[in-house]
Peer 1: 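Below are the structure tokens for one structure; questions will follow.
To find a chain, count down the sequence lines: A is the first, B the second, and so on, and within it residues start at 1.
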There are 4 protein chains.
Amino acid sequence: MLPSGQPKFRRRKAERPSEIIDAALAVFAEKGFAAAKLDEIAARAGVSKGALYLYFATKQDLFRAVVEQAIAPNLHLIRTAIAAHPGPISDLLRLIAGRLAEVVERLPVGGVVKMVIGEARNFPELARVWHDELVAQALDAMTDAIRAAQARGEVRPGDPRAYAVQFVAPMLVGVIWRETFVPVGARPFDLPALMRQHIETLLTGLLTEEAHA
Amino acid sequence: MLPSGQPKFRRRKAERPSEIIDAALAVFAEKGFAAAKLDEIAARAGVSKGALYLYFATKQDLFRAVVEQAIAPNLHLIRTAIAAHPGPISDLLRLIAGRLAEVVERLPVGGVVKMVIGEARNFPELARVWHDELVAQALDAMTDAIRAAQARGEVRPGDPRAYAVQFVAPMLVGVIWRETFVPVGARPFDLPALMRQHIETLLTGLLTEEAHA
Amino acid sequence: MLPSGQPKFRRRKAERPSEIIDAALAVFAEKGFAAAKLDEIAARAGVSKGALYLYFATKQDLFRAVVEQAIAPNLHLIRTAIAAHPGPISDLLRLIAGRLAEVVERLPVGGVVKMVIGEARNFPELARVWHDELVAQALDAMTDAIRAAQARGEVRPGDPRAYAVQFVAPMLVGVIWRETFVPVGARPFDLPALMRQHIETLLTGLLTEEAHA
Amino acid sequence: MLPSGQPKFRRRKAERPSEIIDAALAVFAEKGFAAAKLDEIAARAGVSKGALYLYFATKQDLFRAVVEQAIAPNLHLIRTAIAAHPGPISDLLRLIAGRLAEVVERLPVGGVVKMVIGEARNFPELARVWHDELVAQALDAMTDAIRAAQARGEVRPGDPRAYAVQFVAPMLVGVIWRETFVPVGARPFDLPALMRQHIETLLTGLLTEEAHA
DNA sequence: TATGAATGAGTGTTCATTCAT
DNA sequence: AATGAATGAACACTCATTCAT
């Protein structure tokens, strides 16, 4: 309590939107869209409720901004993965698995995943954006890589798109587990370890005899 | 105001609660807890809004009833699966996979899964019930079966709990995909086929040389 | 404070809308649309704020209902006035003037007039409805009657529509005066007397014989 | 951040208040007090919202300034009209009618009238100021002139105050008509012509010689 | 002076819950 | 048991007002 006190206002036009989006992500992820209160988002962002409306016209707009921004960093991940070289498929899968494990430890993926799953019916445009710009692209890229490997004789016959899902599913389930059941006492998974074991299991089953040699 | 009036068929009150729960499941699954309106639930159940309160004290209670009831049929599935152990693990996994695929085609699993994932933070007791009474039991049963198979030399070394997750993950992801992205135009998966391919891939990688013979 | 107390609710579906409209008319007339609070309207109607929404979807809808209902009784007045023509114009004008004076003493015309004038720019549809269904019809009917009287040689040459306005203007101004300045201490007008004098003046002129000479 | 910057022309501060008042008049007249937004007033005045508070302490103060300023030019009109007496009353009335028609074509009288009528209940002091300093004075002056004319035998017996109202009412109604109904498609009145016809009618009467007989 | 980002009390609207019928 | 009109607390959003710059 210095005699001067802190200023009641801070003028920070540039930083505010992302501060608000971060706070909103946290609250939306925790509560879902409808149950999230703007009061709480504002409080967490350290601004007044009215200030939210300087940057986002409605609660829905704010939600859209949150979900759309959450795509950005991941897009990078995909592009690098897509660019991922001609080498043997086993290397590629190990590489991607490692990347995924990292991302998942570092970013609030869980919250975003829950938001998208939970609000897809209420915000179909968002589900569409996520599918078209992120999920489908990632899945297609994986599928292409696997199909190419099949053509090279590295991977056994089978639906390559299904193989791609088999590949990422445990990571996704691990994240959901962490978000859903760990907070109520469930034993957590060591996601990187889970993914390592999964890759090796999958490779053993996925690869042809020659590819193993 | 004729004394007779139309001959109103009143359903027996015994059926009302489950009719309401069914309607509520549909709405909660579609909208999430907070965005679900009692008006809509009542309308779908064919009763007045006030009537809901004859059977459920609050919206939360109704939600609890919905989530808890959704456990019941699945519990049966698990118990039979648990009881199925003696033979080789490959048979067990194929059996369970088939059962899962059936259930998933027949029951509104997707909606329930979304509800549990989406509202876990808002209703921790529900997440706990689901974990303790259903998910953890299923996972433990699977883990035990795999561990036993390892002891018998059928399954390669590795974390059996992780193996269990690897096993079910694609089915779960397939269901989520169906709920989330198919409505906005995504290409659906043939879940039984996905699960069949997954089992075979996994078994090839999971089993020891001897078990393959 | 009888031990039983009054019932908290009253079920009066049929009466409510008009009770609410009456209360709303009072408040809108006094404050204007924007400054009128639904809380106050509800309180004056003896219902809760929420109850308003059982009958009117929005504040604007309620306002529309108020303004539109205010047309109904006046429409009757016009129709009879229109039907009244055959005799000499002087009789017709005296008749209508008497009717107007009555209406203006009995109904909350002033509030309605203020509402329509004050909110015409904010609610053009309402201004249009009022014009098309009430004001223009009345003015046209008067104009026709005067034109017919001119054809019969009863009325001097001149724009009959202007004559019609000259005829009703003092009544309107008198009402506005009553609403606007009397509450702050202005000397009121005796509207019937004003109208009687006006009619006679209009019919015979202001000036004395000598003044004309 | 060059030291020079653009050569900004700053208007002298002395002009600001009246610029703001003009803008405010436009917005208040169009929307009414409550529906008028300071944002819009500031924008029309070409200043920031904050700048309004350098000149007016509150929105109400600004409104007061607007309504009070609107009195000034009219006061002049009255004084000259009052000074105009000696000749025959017919000349006086024709003179004043011409002045009124001019004023009404040139100044935003309509908006002011609407403001005063619409907000009289919300701002009684303003209604009082308008009454005491403008309307009552004008009416009294007219009344006195008419009474004097009666004493001179120029005007028939009757309530001179009522005669005064009869005199100005069509002009007022014409202005209100222009503000209220013309924007939604009503046929406008030619106000000077209306007033000319009105004066002559009032002076000589509506009826023909024969009709009187 | 002047700005405009920031505030927060206030209002329209929603909806879970109650209760007279 | 069943209804649905009515309630009122809660929330999204607005806007007059403030203040750091």
Side-chain angles (χ1 to χ4, degrees), chain A residues 6-16 34-42 46-62, chain B residues 8 10-13 16 34-42 46-62, chain C residues 6-16 34-42 45-62, chain D residues 8 10-13 16 33-42 46-62:
Chain A
Q6 302 88 23
K8 194 153 125 199
F9 297 0
R10 285 171 303 158
R11 314 178 106 246
R12 311 210 279 147
K13 180 146 211 224
E15 299 81 7
R16 278 284 150 84
K37 311 296 172 222
L38 290 188
D39 270 317
E40 185 178 355
I41 293 174
V47 298
S48 69
K49 197 164 37 156
L52 300 182
Y53 287 85
L54 296 174
Y55 302 102
F56 305 95
T58 66
K59 188 186 184 186
Q60 293 208 5
D61 277 355
L62 176 54
Chain B
K8 275 193 212 165
R10 289 182 185 272
R11 276 160 305 217
R12 289 185 314 256
K13 71 167 182 176
R16 278 279 157 85
K37 317 282 175 238
L38 290 189
D39 270 316
E40 186 178 353
I41 293 173
V47 299
S48 70
K49 197 163 40 153
L52 300 181
Y53 285 83
L54 298 173
Y55 302 102
F56 305 94
T58 66
K59 187 186 185 186
Q60 294 207 6
D61 278 354
L62 176 54
Chain C
Q6 304 87 22
K8 195 153 122 199
F9 297 0
R10 285 171 303 157
R11 316 178 104 245
R12 310 210 279 148
K13 179 146 213 229
E15 298 82 8
R16 279 284 149 83
K37 310 298 171 219
L38 291 187
D39 270 316
E40 186 178 355
I41 293 173
V47 299
S48 69
K49 198 164 37 154
L52 301 182
Y53 286 85
L54 296 174
Y55 303 100
F56 305 95
T58 65
K59 188 187 184 184
Q60 294 210 3
D61 277 355
L62 176 54
Chain D
K8 276 192 211 167
R10 289 180 185 273
R11 277 160 305 219
R12 290 184 315 254
K13 71 168 180 175
R16 276 283 156 85
F33 177 79
K37 315 284 174 237
L38 290 188
D39 269 315
E40 186 178 354
I41 293 174
V47 300
S48 72
K49 199 164 35 155
L52 301 181
Y53 285 83
L54 298 172
Y55 302 101
F56 305 95
T58 67
K59 188 187 184 184
Q60 294 208 5
D61 279 353
L62 175 53

Peer 1: Measure from CG on A:D61 to P on F:dA12 and round the result to the nearest Å.
Peer 2: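 It is 14 Å, rounded to the nearest whole Å.
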Peer 1: I want to check one thing: is the phosphate of F:dG4, taken as OP1 and OP2, less than 4.0 Å away from some side-chain N or O of B:K49?
Peer 2: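 No, no such contact exists.
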Peer 1: How long is the span from the NZ atom in D:K49 to the NZ atom in D:K37, to the nearest 0.5 Å?
Peer 2: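 If we round to the nearest 0.5 Å, D:K49:NZ and D:K37:NZ are 11.0 Å apart.
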Peer 1: Round to a whole Å and report the spacing from CG of C:L38 to C1' of F:dA12.
Peer 2: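 That distance rounds to 15 Å.
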Peer 1: With the side chain of B:L54 defined as its heavy atoms from C-beta on, choose the nearest nucleotide among F:dA1, F:dG8, E:dG4.
Peer 2: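 Closest nucleotide to the B:L54 side chain: F:dA1.
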Peer 1: Are OP1 or OP2 of F:dA2 and a side-chain N or O of B:Y55 less than 4.0 angstrom apart?
Peer 2: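 Looking at the OP1 and OP2 atoms of F:dA2, one of them is under 4.0 Å from a side-chain N or O of B:Y55.
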Peer 1: Could you state the CG-C1' distance from C:L52 to E:dC15, rounded to the nearest angstrom?
Peer 2: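 Taking CG of C:L52 and C1' of E:dC15, I get 15 Å after rounding.
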Peer 1: With heavy atoms under 4.0 Å as the rule, sort A:A34 into base, sugar-phosphate or nothing.
Peer 2: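 A:A34: no heavy atom of the nucleic acid under 4.0 Å.
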Peer 1: Need to verify one output field. Residue with the more 5' nearest nucleotide on DNA chain E, C:A36 or C:A51?
Peer 2: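 Counting from the 5' end, the first nearest nucleotide belongs to C:A36.
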Peer 1: Output the distance between atom CG (B:L38) and atom CZ (B:F56), rounded to the nearest 0.5 Å.
Peer 2: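 Rounded to the nearest 0.5 Å, the CG-CZ separation comes to 11.5 Å.
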Peer 1: When rounded to the nearest 0.5 angstrom, what distance separates OH in A:Y55 from CG in A:D61?
Peer 2: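 It is 15.5 Å, given to the nearest 0.5 Å.
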Peer 1: Strictly below 4.0 Å: does D:R16 bring a side-chain N or O up to OP1 or OP2 of E:dT1?
Peer 2: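 The answer is no; no side-chain N or O of D:R16 sits under 4.0 Å from OP1 or OP2.
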Peer 1: Could you work out, with side chain to side chain contact (heavy atoms under 4.5 Å, CB included) as the rule, every residue matching D:S48, not counting sequence neighbours?
Peer 2: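 Result, side chain to side chain contact (heavy atoms under 4.5 Å, CB included) vs D:S48: D:A51.
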Peer 1: Rounded to the nearest Å, what distance is computed from the CG atom of residue D:L62 to the P atom of nucleotide F:dT17?
Peer 2: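 So the two atoms are 10 Å apart, to the nearest Å.
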Peer 1: Filter on salt bridge (Lys or Arg N to Asp or Glu O under 4.0 Å), then keep only pairs touching residues 50-60 of chain C, sequence neighbours left out; what's left?
Peer 2: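 For residues 50-60 of chain C: none.
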Peer 1: Judged by each residue's nearest nucleotide on DNA chain F, which is more toward the 5′ side, B:G50 or A:A57?
Peer 2: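 The residue mapped nearer the 5' terminus is B:G50.
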Peer 1: Nearest-Å distance, NZ (A:K37) to P (E:dT14)?
Peer 2: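 About 15 Å, once rounded to whole Å.
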Peer 1: With nearest nucleotides of DNA chain E determined for B:K59 and D:S48 from heavy-atom distances, which residue corresponds to the more 5′ nucleotide?
Peer 2: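 The 5'-side residue here is D:S48.
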Peer 1: Without decimals, in angstroms, what is the distance between B:D39 CG and F:dT3 P?
Peer 2: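 Going from B:D39 (CG) to F:dT3 (P), I get 13 Å.
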Peer 1: How would DNA chain F look in dot-bracket form, 5' to 3', counting Watson-Crick and G-U wobble pairs with both distances under 3.5 Å and writing | for bases paired to another strand?
Peer 2: .||||||||||||||||||||
Peer 1: Between E:dA6 and A:Y53, is there an OP1 or OP2 to side-chain N/O distance shorter than 4.0 Å?
Peer 2: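 For E:dA6, neither OP1 nor OP2 has a side-chain N or O of A:Y53 closer than 4.0 Å.
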Peer 1: Counting any heavy atom closer than 4.0 Å, what does A:A42 reach on the DNA or RNA strands: base, sugar-phosphate only, or nothing?
Peer 2: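 Here A:A42 touches no strand at all.
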Peer 1: Between A:Q60 (CD) and F:dC11 (P), how many Å, whole number?
Peer 2: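 In whole Å, F:dC11 P and A:Q60 CD are 18 Å from each other.
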Peer 1: Would you mind reading off the distance between C:E40 atom CD and E:dG10 atom P, rounded to a whole angstrom?
Peer 2: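 One finds 16 Å between P of E:dG10 and CD of C:E40, rounded.
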